[in-house]
Amino acid sequence: MEATLSSDHPFSDHPSSDNAPLLELNDLRVGFDTPDGEVQAVRGIRLALHARETLAVVGESGSGKSQTMMAAMGLLAKNGRASGSVRYRGREILGLKAAALNEVRGAKIGMIFQEPMTSLDPLYTIGNQIAEPLTRHLRLSGRAARQRAVELLTLVGIPDPARRLEAYPHELSGGQRQRVMIAMALAAEPDVLIADEPTTALDVTVQAQIIDLLRTLQQRFGMGIVFITHDLGLARHFADRVAVMRHGLVVEEGPASEVLTTPKAEYTRMLLAAEPTGTKAPPPADAPIVLEARRLNVTFRIGGGLLAGPPLVIHAVNNVSVTLREGQTIGIVGESGSGKSTLGRALIRLIEAQGDIRLFGEPANALDTQSLRALRRQVQIVFQDPFGSLSPRMTVGEIITEGLRVHAPHLDRRARERLAVQALEDVSLDPGLRNRYPHEFSGGQRQRIAIARAVILKPRVLVLDEPTSALDRSVQKDIVELLRRLQGEHGLSYLFISHDLSVVRALSDWIMVMRAGQVVEAGPTDEVFRAPAAAYTRELIAAAFGLSDTPVAPAAPDLPRGVALG
Amino acid sequence: MTAPADGAAVRPSLTPAAPPPVAKGRSLWSDAWRRLTANRAAVVSAVYLVVMTFACLVGPLVTGHDYTTIYTDYVRVPPSLTPYPKQDQIAGALEDVVKRMRVDLVDWSEQDGRVSVTVRSARAVDPRVLRYLERSPSFIDPRIESTEPDGLSMTMSAAVARHYFLFGTDNTGRDLLTRTLIAGRVSLAIGLLAGLTAVLIGVTYGAASGFLGGRVDDVMMRFVDILYSLPFIFLVIMLVVFFGRNFVLMFIAVGAVQWLDMARIVRGQALSIRRQEYVQAATAMGVSPAGILWRHVVPNTLGPVAVYMTLLVPQVILLESFLSYLGLGVQEPLTSWGVLIAQGSKNIPSANWLLIFPSLFLTSTLFALNFLGDGLRDALDPKDR
C-alpha cells in the first residue's frame, strides 16, 4: 500500500500525455492452485493500453487472455493468485483491497462480459441495475440516476429507453442485453473498457451492430478499449494493436495491420490459416434420395392448460421442404431462433412434426416406436455443445458403445470394445483413452467423441447441429476435415446446421438460409454466396465476412486447392 | 495423440490416480468404489458403521446381561470399569439377604471373591434359606459350609457375583450397555432399511416421473401430493388399527412417508436432465426409455440422492423415537436409541449417563453416516476428485 501511494505522485505530476499508458501490465503472472499442483495461466506478460486506443488480445481458449484481465480487475477465482504489476494511470492496482480497488474498478475501468444473459441479474429491472453503480460511484440521487440511465440507454441505441428501464433482462434480446451491459460499463464514464468476448454469444448481424456501437462510443469518449476475442477477423476490423496470446504468453504484439497481415510468429500464422477452406462438389444428380421432407411444420405450444387459457403457439418451422441425396451435404444457416436446429431435429423425428418425412424412401411419420428405433441406426445426430451432449457419468467407451447395445445386442463386451477402438481411431483419437470421462477431454476431443458415437453405428445420414460452433478456430478446421474424410470414406450424407457461414461454405454443396422458421433462400453453395438473391442472405453474408473474413488467406470459395485438403 | 491440433491434448488428468490407458473397461460403479476407498474420512466412517452394526448384533450376547434382566440391587448405578458389587456394597447386600432369611447375622468375611456368612436363629436354620442367597443378583454358587450340631447356627459361603455395568444401569436396574446395543439394532435397522426403501422407491418413482414428463408426470406427482396431504400420525394410527401393532409396520409407515421427498427431489433433477443433449443423443441412437432412465437419468441424479439419504437416515431414526414415544413404535422392554435418549433426558440431574451413552452412540453413527454420504456423493461424481 505504501509503495502504491508513493508511486502515485511522480505520475500525477506528468500531464497526461499520449505516451503515458492508461493501463499498464508488467510481468503479470496468474497461477491457480489446483489439487494437481499450481497451474500457470498467465506467465509474465507486458501489455500497455493508451487513451483512444483499441488493444485486441486474441488467442484460443485456455491461452490466458481472459484471466489476464480478470487478474487486473481483481476478479480472479478464489484459488487464483496474481503477481507482477498492474498500473492504472501509474497507480498500482494489483493486490489492492476491495474497497480501494472499487474506486478504480467500475468507476475508471468498465468491463463487459461474454454472456449477456448471465451477467445481468434476472431478478432486477435493467433500470435498477444501471442505476446501482451510479448511486454508488457517482453518489447520484435516485432521480438523477434514473435520468442518467435513460441517457445511457439512448447512448447505446436502445429504443424507447424510458420504458425499457422497467424491463427485466429476459424481456430483452441478446443484442439488447449486451447493449445494456455496455451502458452499465459506461455509466461511470470510465477511461478504460475491458470487453471480454462481447459479441461471441451474438448473431453475426447483431455482432456487427455492437462493434459499430463500441467504435462510436470510443470516438466520443476517447476511451481505451481492451478487446478480448478469439476472432482474428474481428480483431483486424476493430483493433489498433493486437496481442496474440498462447499458453499464458504474448507471442506477438504490434499494430493490427502488421500482425494480422504479415505475422512473424508461427502461431499467428497458424491461427490465420485456420479459416476453413475448400468446397464440396455436389453428388451425382442421380444419387438416391436418402431423406426427403415435404411441407414440414413444427409448432410449439407454450403454457396454456385448464386455468391458464389458450397456449401461446409458436411456429418454429413453417412449410419447409428438404431433399437430401446420398453423399450430399446440405448447409442450413440462419441466426439463433430461425428454427434451423428444430428443423434438424424434426427431420430425424426427435421432435414431432406435421408433414411428410421420408427416410430412405419409407414414410417415417407412420412408423411405430419399434421400427423407428431400428431406423435410428441409419440417422444420427451430433450436437453443438460437446460438454452437454456427453453424459458426465459414463466413460467414453460406454458412451460410444451405447448405441451398439441397442442395435447390435448380440455383440458381447469384447466385440463392442473392438468396435469402439475402431470408431475412436476413425475420428483420430487415441483408443487408449476410452476409459476416461468426458470432462477429461478438450472441447475438440469431445466433439470427436460425439462423432465417434454417431459413426460407430454406420449411419447413412448425419445431422450436424452446429458441431463446430463451440470450438476454437484451429480445432474447427480439424473437425471440418474429419467430417470431410468420414463423408468420403463412408458415403455419408450430412445436414449441416450452422450460423457460421465460412464453415458452411467449406463443407456443403447446397445451402438453405432460414429465418423465422421459413426458408428464405436455397440453392447450390457457390451460387448463393456469389449472387445471393434474398436481401436477408446478403445482410448475413455482409455481416459475417465484412467482419471476420481474412484477406491474408484468400479464402476464395472456389479455389481448387481447398478440395485437396478434404 | 493423433490429433495434434487439439492443442494440449488431454489436460492433466483430473482423476486422482491418473489411470494409464488400461484395456479393461471401467464403469461409474467401479470408479466410484475406487474413489470412495481413496477417501479416508469415508472409509473410516464406513468401518465405524460396520463395527457399530457388528457390535449391536453380537454385543448383547457377550455383555453378560440380558437386556430384560432387572438387577434390583443395582438400580441406577453409575458406569464403572470395576465390577459390582463394590467392596462396601457387599455388606449391605448380605444384610438384605440375611434379613429375608429371617435369621440373624453373626459374622461374615470375604476372601478371594467368596464370602462366608455365619447366621444364627432362635429356631433351627432351614438349609433352604440358601435359596435367598441364590436369588440375590450379588451372589452365586452358595454352599453350606457347616452347621452347628444344634442346628441354630449355620455357616454358608457364596461367590460374589461380579457384574460389570460399563455404562451403568437404568431406572429399573437394567444394564445400559446391553440396552444401548439392543436399541442400536432397532435404530440402525429402521434407519438403514427404511431409508434405503425410501431411496429406492423415491428414486425410481421420481426419475420415471421426471423423465416421462407431461401428463404422466402430472398424474404421478398428484399422487405424491395426495400422499403428502395425509397426516403422518393419522396414517400410522390407521395402519395400527388395521394390522395391529407390529415392528414391520413401522418400516412401512416411515418408508411410505419418506420416499415422497426423495421422489420430488429426483423428479426435479430428472426434469432438467431429460432436456440435456446427452439424453437427446441417446434417444437419437434409439435407446429405449428404460435404458435412458437407467444409464443416463438415474446416475446423474445420484449426487443429491446421496446427500439427501444421509439426511434421511437420522430423520428416520428420530421419527421412530417419536412414534415409540407415542406408543406406536417399539415397546418396552425392547428399546431404541431415540427412546433411550428420551428416557435419559428425564434423568439428567440424577443419572446423566442414561443420556450420555445413547446419545454418543446415535450422534457418532449419524456423524459417520454424513461423512460416508459426502464421500459417496464425491465418489459418484467423476468430475470431482
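Predicted model only: the values in this text are computed from it and were never measured. Residue numbers start from 1 in every chain, and the chains themselves are labelled A, B, ... in the order their sequence lines are given, proteins ahead of strands.
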Measure distances from [X] to the heavy atoms of chain B and classify the residue's part below 4.5 Å as side chain, backbone, both or neither.
X      : answer
A/V379 : backbone
A/L350 : side chain
A/R349 : neither

Sorted by chain and number, sequence neighbours left out, side-chain contact (heavy atoms from CB on, under 4.5 Å) with B/I233 holds for B/I237, B/F322, B/L323, B/L326
I'd like to know whether [atom1] of [X] has more than 12 heavy-atom contacts from other residues, nucleotides or ligands below 6.0 angstrom.
X      : atom1 : answer
B/F371 : CZ    : no
B/F223 : CZ    : no
A/Q370 : CD    : no

Within residues 197-222 of chain B, contacts to chain A at heavy-atom distances under 4.5 Å involve none
Within residues 277-309 of chain B, the residues sitting under 4.5 Å from chain A by heavy atom, in sequence order, are B/E277, B/Y278, B/Q280, B/A281, B/A282, B/T283, B/A284, B/M285, B/G286, B/V287, B/S288, B/P289, B/R295, B/H296, B/P299, B/N300, B/L302, B/G303
Most contact-rich option vs chain B, by heavy-atom pairs under 4.5 angstrom, among A/R453, A/E402, A/R405, is A/E402
Quick note, salt bridge (Lys or Arg N to Asp or Glu O under 4.0 Å) partners involving residues 296-309 of chain B, not counting sequence neighbours, are none
Cut-off 4.5 Å, heavy atoms of chain A, and the answer for B/I273 is neither
